[in-house]
Visitor: 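I have a structure here, written as structure tokens, and I will follow up with some questions on it.
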Amino acid sequence: MIRNWGASAAGAIRGASAPVTHTLIVLCCLVFLIGPASGLHPAHGGGEELLEAQRAYFRRWGVIPADLFEGSPGAVLTPATALFVHGSWVHLLGNMLFLHVFGAMAEARMGRVRFTLCYAGCGYLALLGYAAANADSERSLVGASGAISAVLGAFLFLFPRARVTSLLPFLFFLPVRLPAWVVLPFWAALQWAAAGRAGEGPGVAYLAHLIGFGLGLGYAWGRFGRATTVRTAPAPAPEGENQP
């Protein structure tokens, strides 16, 4: 089971290219900038006109659970289109930061195809799962959070000891480097607690985060759980020595 990576292997992965991750970031940013949520396009107007354009945009491209489970053919595609739609600048930038930090290493380890399948498949199912739990809701659900949560779950399995810089409120938001096996389960616990308090008002789909995280973790375990173990060595192996 792949659990720990040596310094040379981890360094190589950090330096590897991540075209899928970077393409996803660019696409999400472009979709946001040309859409009404950014507020930058003059064709969408301002004031109430802009708000109405945003509501229509989210309703067209986002997931509406009530429509999805009424059998509308077009609604089946919305868990895929919603992955590229974000509701605000904060929503977009927060998601893209997480994708940039965790996506590159996960993609380098998993490979482009498997990473894409994990991101798109788990993201789709995360939104579908949230919609199933709120089948009567007519609120639009948008964002890549479920897919990015799947990347976090996969990252936790593949790199449990990788150091992650975190800002902890009880330490006055000072940056602290902690292993992923500490940071990511703590993050998931926060999502669980927040999901239990979520009301009917507009907010964050914490349940989609939890579903995506679990799916990503399960995907990585199913795909890489029986792979050859890679030892953690205090120094690079002598030239010519093969890793088991």
Side-chain angles (χ1 to χ4, degrees), residues 2 5 7-41 57 61-63 77-127 141-167 175 177 180 183-184 187 204-205 208-209 211-213 215-220 223-224:
I2 292 180
W5 284 80
S8 59
I13 286 179
R14 290 191 188 98
S17 62
V20 176
T21 297
H22 297 150
T23 299
L24 288 170
I25 292 173
V26 170
L27 285 176
C28 287
C29 290
L30 285 177
V31 169
F32 180 80
L33 290 174
I34 64 177
S38 67
L40 299 178
H41 203 299
Y57 181 75
W61 300 110
V63 178
L77 297 177
T78 56
T81 59
L83 293 177
F84 298 93
V85 179
H86 290 82
S88 67
W89 284 96
V90 173
H91 189 200
L92 172 74
L93 295 177
N95 274 351
M96 296 305 99
L97 175 61
F98 270 77
L99 181 56
H100 172 71
V101 170
F102 294 98
M105 283 182 65
E107 178 185 346
R109 176 63 190 94
M110 299 170 73
R112 298 174 187 176
V113 174
R114 286 188 288 270
F115 177 81
T116 302
L117 290 175
C118 177
Y119 183 93
C122 294
Y124 184 100
L125 292 175
L127 295 181
L141 176 65
V142 298
S145 301
I148 296 171
S149 297
V151 173
L152 300 187
F155 187 96
L156 174 60
F157 181 85
L158 297 171
F159 306 102
R161 295 190 181 182
R163 294 282 174 170
V164 178
T165 301
S166 307
L167 300 177
R177 288 183 64 79
V183 175
L184 296 180
W187 174 87
V204 181
H209 298 180
I211 296 172
F213 186 82
L215 289 172
L217 183 62
Y219 178 88
R223 180 60 185 83
F224 298 97

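For reference, positions follow the sequence shown, starting with 1.
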Visitor: Name the orientation class of the two ring planes belonging to F32 and W89 (parallel below 30°, tilted from 30 to 60°, perpendicular beyond 60°).
Guide: perpendicular
Visitor: For atom CZ of F98, decide whether the heavy atoms of other residues, nucleotides or ligands shown that lie under 6.0 angstrom number more than 12.
Guide: no
Visitor: So, taking the atom named CG in L83 and the one named CH2 in W61, what distance separates them when rounded to the nearest 0.5 Å?
Guide: 13.5 Å
Visitor: Where is the tightest heavy-atom contact between R109 and F159, given as atom of each residue plus distance?
Guide: CB-CZ, 3.6 Å
Visitor: Heavy atoms only: give me the nearest A208-A126 pair and the separation to one decimal.
Guide: O-CB, 3.5 Å
Visitor: If we only count heavy atoms from C-beta on, is the M110 to F224 side-chain gap below 4.5 Å?
Guide: yes
Visitor: Given F102 and I148, is the side chain to side chain contact (heavy atoms under 4.5 Å, CB included) satisfied, shown in steps?
Guide: CA-CA 9 Å; F102 294 98; I148 296 171; over 6 Å; no
Visitor: Side chain to side chain contact (heavy atoms under 4.5 Å, CB included) between F84 and L30: does it pass, once the steps are laid out?
Guide: CA-CA 9 Å; F84 298 93; L30 285 177; over 6 Å; no
Visitor: Walk me through it: do Y119 and E107 pass the test side chain to side chain contact (heavy atoms under 4.5 Å, CB included)?
Guide: CA-CA 10 Å; Y119 183 93; E107 178 185 346; over 6 Å; no
Visitor: Hey, what do you get for SG (C122) to CD1 (I211), rounding to the nearest 0.5 Å?
Guide: 11.0 Å
Visitor: Which pair of non-hydrogen atoms, one from A154 and one from C118, has the smallest distance, and what is that distance?
Guide: CB-SG, 4.5 Å
Visitor: Could you tell me whether the side chain of H86 reaches within less than 4.5 Å of the side chain of S145, counting heavy atoms only?
Guide: no
Visitor: Passes side chain to side chain contact (heavy atoms under 4.5 Å, CB included), T78 versus T81? Steps please.
Guide: CA-CA 5 Å; T78 56; T81 59; 4.1 Å; yes
Visitor: Taking atom CG of L184 and atom CG of L152, what is their separation to the nearest 0.5 Å?
Guide: 5.5 Å
Visitor: Which pair of heavy atoms, one from F155 and one from A180, lies closest together, and at what distance?
Guide: CE2-CB, 4.0 Å
Visitor: Calculate, to the nearest 0.5 Å, the distance between atoms SG and CG belonging to C29 and L93 respectively.
Guide: 7.0 Å
Visitor: Which heavy atom of G62 sits nearest to which heavy atom of A82, and what is that distance?
Guide: CA-CB, 4.1 Å
Visitor: Below 30° counts as parallel, above 60° as perpendicular, anything between as tilted: where do the rings of W187 and F213 land?
Guide: tilted
Visitor: F115 and G103: which non-hydrogen atoms are nearest, and at how many Å?
Guide: CE1-O, 3.7 Å
Visitor: Measure the CE-SG distance between M96 and C28 for me, rounded to the nearest 0.5 Å.
Guide: 4.0 Å
Visitor: Backbone N or O of R114 within a donor-acceptor pair of the Y219 side chain at under 3.5 Å?
Guide: yes
